[in-house]
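These notes are about the structure you will find just below.
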Amino acid sequence: HMPRRGPAQQMIFHIYYSHFGFTEPCALDRAFEKGRIAARADPHTLGRMPMYHLTHEIFMPFRYGEVRETDFFDAQDEAYLAGALPVLIGRRIAAGDPDLVAELVLCLEYLDMEDEPAYAKGIAFLLDSQNDDGSWGDYPEADRRFGPYARHHIYLHTTKLALSALINAFRCPG
């Protein structure tokens with residue numbers, strides 16, 4: 001099943017295999033070369049799920065926020081991301097999507113691009129889009145399909161992301 005997984009999943013499994021000293025089932029360390037970032041995917045035409053996969057290509061080298069500095073991305077990658085992430089944030093704000101806005105804001109933060117105006121716009125959007133019950137997100141199809149259990153997974157994921165982005169944005173330096 002590993003060759004069918006996306007580049008970000010393969011890369012994180014590469015880290016796991018290396019950490020535990022396991023033999024990799026295939027060349028997982030090269031998976032990044034097949035990703036959205038390496039392909040320089042057009043941010044104006046990227047669909048929602050490909051955007052999600054792109055964010056995870058960024059999350060992976062930062063170990064989902066556990067590692068705060070990495071030299072994983074080269075100058076061309078960083079230049080592409082500096083142009084693409086603001087476009088993607090604007091598109092997801094326009095779509096009213098706090099889940100992906102939070103992921104994209106976290107990507108800007110991990111890449112040390114908080115001075116980008118889209119970062120502040122994303123934070124403002126998250127502050128303005130909190131639900132009355134304290135959660136983030138609006139998933140009517142999930143509510144219909146899963147009833148109250150939608151909140152245990154889908155809303156919880158979006159709320160965790162929004163809170164992570166906001167906590168990081170408002171943390172005290174030092």
Side-chain angles (χ1 to χ4, degrees), residues 6-9 11-12 15 32 35-38 40-73 77-143 146 149-174:
Q9 289 180 329
M11 292 298 292
I12 202 69
I15 292 165
F32 188 75
R36 303 304 187 292
I37 296 170
R40 306 294 188 253
D42 182 351
H44 296 94
T45 61
L46 212 53
R48 188 179 190 285
M49 283 310 293
M51 286 183 206
Y52 174 82
H53 293 296
L54 183 141
T55 65
H56 284 253
E57 289 180 33
I58 297 167
F59 288 172
M60 183 281 309
F62 290 97
R63 309 293 196 279
Y64 299 87
E66 290 180 22
V67 173
R68 300 311 270 179
E69 292 185 26
T70 180
D71 60 358
F72 184 82
F73 299 105
D77 293 336
E78 289 179 5
Y80 164 73
L81 292 168
L85 292 172
V87 171
L88 297 176
I89 288 173
R91 289 183 60 206
R92 296 326 300 166
I93 288 173
D97 184 354
D99 193 271
L100 255 172
V101 169
E103 288 203 7
L104 292 160
V105 163
L106 286 168
C107 289
L108 283 176
E109 181 208 331
Y110 295 168
L111 293 164
D112 200 25
M113 296 180 185
E114 295 103 321
D115 291 338
E116 165 58 49
Y119 181 81
K121 290 176 185 172
I123 294 298
F125 171 78
L126 293 173
L127 289 169
D128 291 339
S129 64
Q130 186 175 22
N131 296 327
D132 289 341
D133 67 358
S135 69
W136 275 264
D138 182 22
Y139 302 100
E141 177 57 32
D143 289 338
F146 301 112
Y149 298 109
R151 296 213 169 264
H152 298 313
H153 172 65
I154 298 170
Y155 284 85
L156 186 59
H157 179 265
T158 301
T159 299
K160 180 206 175 286
L161 286 169
L163 287 172
S164 293
L166 292 170
I167 288 167
N168 290 347
F170 293 104
R171 72 180 178 279
C172 293

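Annotation for Ile58 and Phe73: closest pair CA-CZ, 3.8 Å, computed over non-hydrogen atoms. Minimum interatomic distance between Gly35 and Pro7 (heavy atoms only, all atoms of both residues): CA-CG, 3.6 Å. Considering all non-hydrogen atoms of both residues, Pro98 and Ser129 come closest at CB-OG, 3.9 Å.
Side chains of Asn168 and Tyr110: no donor on one and acceptor on the other come within 3.5 Å.
The CG atom of Leu163 lies 10.0 Å from the OG atom of Ser135; values are rounded to the nearest 0.5 Å. Rounding to the nearest 0.5 Å gives a distance of 7.0 Å between CG of Asn131 and CG of Asp138. Taken to the nearest 0.5 Å, the CE atom of Met51 stands 12.5 Å off from the SG atom of Cys107. A distance of 9.5 Å separates CG in Leu126 from CG in Leu161, rounded to the nearest 0.5 Å.
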*Decide yes or no on side-chain contact (heavy atoms from CB on, under 4.5 Å) for Trp136 and Leu166, but give the supporting numbers first.*
CA-CA 12 Å; Trp136 275 264; Leu166 292 170; 3.6 Å; yes
*Run the numbers on Ile89 and Leu100 for side-chain contact (heavy atoms from CB on, under 4.5 Å), then give the verdict.*
CA-CA 8 Å; Ile89 288 173; Leu100 255 172; over 6 Å; no
*asked:* Under the criterion side-chain contact (heavy atoms from CB on, under 4.5 Å), I'd like the reasoning laid out for Leu85 against Leu54: C-alpha separation, chi angles, the key distance, then a yes or no.
replied: CA-CA 10 Å; Leu85 292 172; Leu54 183 141; 4.0 Å; yes
*Could you walk me through whether Phe62 and Leu106 pass the side-chain contact (heavy atoms from CB on, under 4.5 Å) test, one step at a time?*
CA-CA 11 Å; Phe62 290 97; Leu106 286 168; over 6 Å; no
*Please test Phe146 against Tyr155 for ring pair (Phe, Tyr, Trp, His ring centres under 6.0 Å), starting from the C-alpha separation and ending with a verdict.*
CA-CA 12 Å; Phe146 301 112; Tyr155 284 85; over 10 Å; no
*Determine, step by step, whether Phe32 and Phe72 satisfy the ring pair (Phe, Tyr, Trp, His ring centres under 6.0 Å) criterion, reporting the C-alpha distance in whole Å, the side-chain angles of both residues, the deciding distance to 0.1 Å, and the verdict.*
CA-CA 10 Å; Phe32 188 75; Phe72 184 82; 4.7 Å; yes
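Under the side chain to side chain donor-acceptor pair (under 3.5 Å) criterion, Arg63 pairs with no residue, sequence neighbours left out. Scored by the side-chain contact (heavy atoms from CB on, under 4.5 Å) test, Tyr64 finds Ile12, His56, Phe59 as partners (sequence neighbours excluded). For Asp42, the side-chain contact (heavy atoms from CB on, under 4.5 Å) partners at least two apart in sequence or on another chain are His44, Thr45. Remark: Thr55 engages Glu103 in a side chain to side chain donor-acceptor pair (under 3.5 Å) (not counting sequence neighbours).
Residues Thr159 and Gln130 fail the side-chain proximity criterion, which asks for heavy atoms closer than 4.5 Å. Looking only at side-chain heavy atoms (C-beta outward), Phe125 and Val105 stay at 4.5 Å or farther from each other.
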Cut-off 3.5 Å, no hydrogens considered: what does the side-chain donor-acceptor table look like for residues 112-122, sequence neighbours left out?
unit_1: Glu116; atom_1: OE2; unit_2: Ala118; atom_2: N; d: 3.3

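Ion pairing of Asp77 with Arg40 is present here, as a side-chain N (NZ or NE/NH1/NH2) and a carboxylate O approach within less than 4.0 Å.
Pairs engaging residues 80-98 under the side chain to side chain donor-acceptor pair (under 3.5 Å) rule: Arg48-Asp97, Arg92-Asp97 [sequence neighbours left out].
Ile37 pairs in a side-chain contact (heavy atoms from CB on, under 4.5 Å) with only one of the listed residues (His53, Glu57, Glu78), which is Glu57.
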